[in-house]
Amino acid sequence: MDCEMLLTDRLAPAFGAVAGGPVDPVVRRSQHADFQSDAALALARRLGRPPREIAAAVRDRADLADLCSSVQVSGPGFLNLTLSDAALAEMVGGLAGDPRLGVPAVARPETVVVDYSAPNVAKEMHVGHLRSTVIGDAVARLLEWSGHRVVRANHLGDWGTPFGMLIEHLVDLGEAEAADDLSMGDLDAFYAAARAKFDADAGFRDRARLRVVALQGGDPDTRRLWRLLVDLSEHYFLTVYDLLDVTLTDRDFRGESSYNDLLPEVVADLDRLGLLRDSAGAACVFPPGSVGRDGEPLPLIVRKSDGGYGYPATDLAAIRQRTGELGATRLVYVVGLPQRRHFEMVFAAAGQAGWLTAPARAEHVGFGSILGADGRMLRSRAGGTVKLQALLDEAVARATELTRTRNPALGAAEAAEVGRAVGIGAIKYADLANDRHRDHVLDWERMLSLDGNTAPYLQYAYSRIRSIFRKAGVTVRPDAPVPLAEPAERALALELLGFAPVVAEVERGLEFHQLAGYLFRLATTFNAFYERCPVLRAEQPVRDGRLLLADLTARVLRQGLELLGIRTPERM
RNA sequence: GCGCCCGUAGCUCAGCGGAUAGAGCAGGGGACUUCUAAUCCCAAGGCCGCAGGUUCGAAUCCUGCCGGGCGCACCA
């Protein structure tokens, strides 16, 4: 149980007795004390008593003697809570012996599907894929660490009419030649060439159309060529994931095509349930609550008028399979905000069909666009989309250069490793540190300046701590007494207790900027401690105690950054 | 037209019913014979888009405007 919950538990009965019913004590961190409870204010009207009087009554009843050195009524009716040094030391000491740093594993593990990244076969990943990949990976890491069974689903765009022209282009080039081109990772050029031929050459166009039919019909040779395209693309995606430090593997690809066989059943089920209606030749579900431009109910087109299936069909099939066969109870879709309505409709339709019923639920974890420094959608100098690989390479190059100048003592290999951790970390952190609902301005100068609230700031704090231990050749004594005499020590101890509540909060809302904000605060608090409180030169037992605080800080930073998918180099 | 997201310091952002609205960056002033100065400390910087309303209390909730972005039937 974390500190805030403990205080809440102690205050709740007192509030209950004073109010004559259950009351949430509303405990939070305070500028005026360690914690504060705001509940008395809200209670004043209901009870017809002055809030300060209520707060005083609660203070007199609450069983806080073993936790707090001071409980004071303050201002209009706040209860200011100051932890006793003994209680604070004990709680921090408890963290030291806990590999999970105070964060409990979930009591009821669920099967959670996290749907994220989803690049398109034969297209390069661009910045548009960055947020889904980075945020989704953080979701998967966090829920897994919390104790859930996480299924990563990389909903690859591996199906559709463009594959006719892509396969024909592959045939034209020759398989060996095409494989060479594609293994270089220049998928966009391949796609553009196919597209150009398709636009210019009527004969090619016809072949492409026939090829689509052959692909859908399961023609073995066509399927083999298609598979080749998919394999080559997957190989490329995996190299990007590796560079990005993303946990997606080859086992997580769940291409759209893998749902093909289920689609007729999905349509048949919907029909049997009476949910399907024909509209202009298309088979549609009309989930309640969504209206279009004309004010009429908006259809979810499950089967197009030409008999083909749209992606709503695939999404419905996926939900059916995930809640059914996989037994998932939480479906997380990490997809851009523009698709919000689409998911509303799909979730509503799946609910009507009985494929998404309690306790199973789905949530769209949406995010805004990535903008350039000019505040507009990010474009390359040439005006095209910015390739993800190029972005990452530049971040790594800049960070490596910076590392070399900052710390010439590092060898070339280590500088390269640190540069990678810092460059990639900077990009991921810049994304995760902002409220994901907002558009995210990606400014090279700021992001890679590596100052302020950035990954390198946190990484640097970590490496400083590791440096202390390396220099002294010591290890922590987990039972060392926690020193609290210095304000900087006390502030750090208190901040360390904040990890569990913030993880719990992020697990609920998947708002990772809250975790980033916490880690930044922790690093800031540590840096202030580092300035004022010498560790190795301190007298015992303070020295061991400061080592303990430093080590705990390092562990929380490492664990927190790991949840965000960011590395922590031992040296910088 | 309808719906969604967003308007907070010069810039990038926290805060989303409670005490004097907080950080970072940029700009100003300080601190390295002392565990890495990728650091720290100090000062400065705000009609919280506008107008109403609810409330003991509103940046936060409600309504209406204004501004920016996105979406609204067979592309995913």
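All values reported here derive from a predicted model rather than from experimental measurement. Here is how names work: the chains are called A, B, and so on, in the same order as the sequence lines, proteins then strands, and each is numbered from 1. Scope of the values below: all heavy atoms of this structure, side chains included, with no hydrogens, waters or symmetry mates.
For the pair A:Tyr429 and B:rC13, the criterion of a side-chain N or O lying under 4.0 Å from OP1 or OP2 is not met. Here A:Arg438 does not reach the OP1 or OP2 of B:rC6: none of its side-chain N or O atoms lies under 4.0 Å away.
Ring geometry for A:Tyr311 versus A:His342: interplanar angle under 30°, hence parallel rather than tilted (30 to 60°). Ring geometry for A:Phe163 versus A:Trp226: interplanar angle over 60°, hence perpendicular rather than tilted (30 to 60°).
When distances are taken from the side chain of A:His513 to each of B:rU34, B:rG15, B:rA37, the shortest belongs to B:rG15. Minimum atom distance to the side chain of A:Pro534 is reached by B:rC35, of the listed B:rC2, B:rC40, B:rC35. Among B:rC5, B:rA14, B:rA38, the nucleotide with an atom closest to any side-chain atom of A:Asn434 is B:rA14. Nearest nucleotide to the A:Arg341 side chain, out of B:rC41, B:rG71, B:rA19: B:rG71. Listed nucleotides: B:rC40, B:rU12, B:rC35. Nearest to the side chain of A:Ser467: B:rC35. For A:His437, the listed nucleotide lying nearest its side chain is B:rC5; candidates were B:rA38, B:rG18, B:rC5. When distances are taken from the side chain of A:Asp38 to each of B:rG18, B:rA38, B:rC41, the shortest belongs to B:rG18. You'll find that the side chain of A:Val441 is closest to B:rC13, out of B:rU36, B:rG18, B:rC13.
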Can you pull every protein N or O that's under 3.5 Å from an N or O on nucleotides 20-29 of chain B?
residue : atom : partner  : partner atom : Å
B:rG24  : O2'  : A:Asn453 : N            : 3.4

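Evaluation of atom-type donor-acceptor distances gives no pair under 3.5 Å for the side chain of A:Thr454 against the base of B:rA38. At a cut-off of 3.5 angstrom, the base of B:rA19 holds at least one donor-acceptor pair with the side chain of A:Gln36. Judged by atom type and distance alone, A:Arg464 does not reach the base of B:rU36 through any side-chain donor-acceptor pair under 3.5 Å.
Distance noted for atom C1' between B:rG49 and B:rA9: 15 Å (whole Å). Between B:rA59 and B:rA38, the distance separating the two C1' atoms is 34 Å to the nearest Å. Of the C1' atoms belonging to B:rG15 and B:rA73, the separation is 41 Å, rounded to the nearest Å. For the C1' atoms, the distance linking B:rC47 with B:rC41 amounts to 32 Å, nearest Å. The gap from the C1' atom of B:rG28 to that of B:rU34 amounts to 28 Å, rounded to the nearest Å. Look at the C1' atom in both B:rC48 and B:rA14: the space between them is 13 Å, to the nearest Å.
A donor-acceptor pair under 3.5 Å links the side-chain atoms of A:Gln540 to the main chain of A:Asp544, judged by distance alone.
A:Leu337 approaches A:Gly368 most closely through the heavy-atom pair CD2-N, 4.0 Å. What you find for A:Leu458 and A:Ala523 is that their closest heavy atoms are CD2-CB, 3.5 Å.
Counted within 6.0 Å of CZ on A:Arg277, heavy atoms from surrounding residues, nucleotides or ligands total 12 or fewer; the atom is thus considered open.
Cation-pi contact between A:Arg29 and A:Phe35: present, with separation from the ring centre below 6.0 Å and deviation from the ring axis of at most 45°. Geometrically, A:Arg464 engages A:Tyr530 in a cation-pi contact, judged by NZ or CZ lying under 6.0 Å from the ring centre and within 45° of the ring axis.
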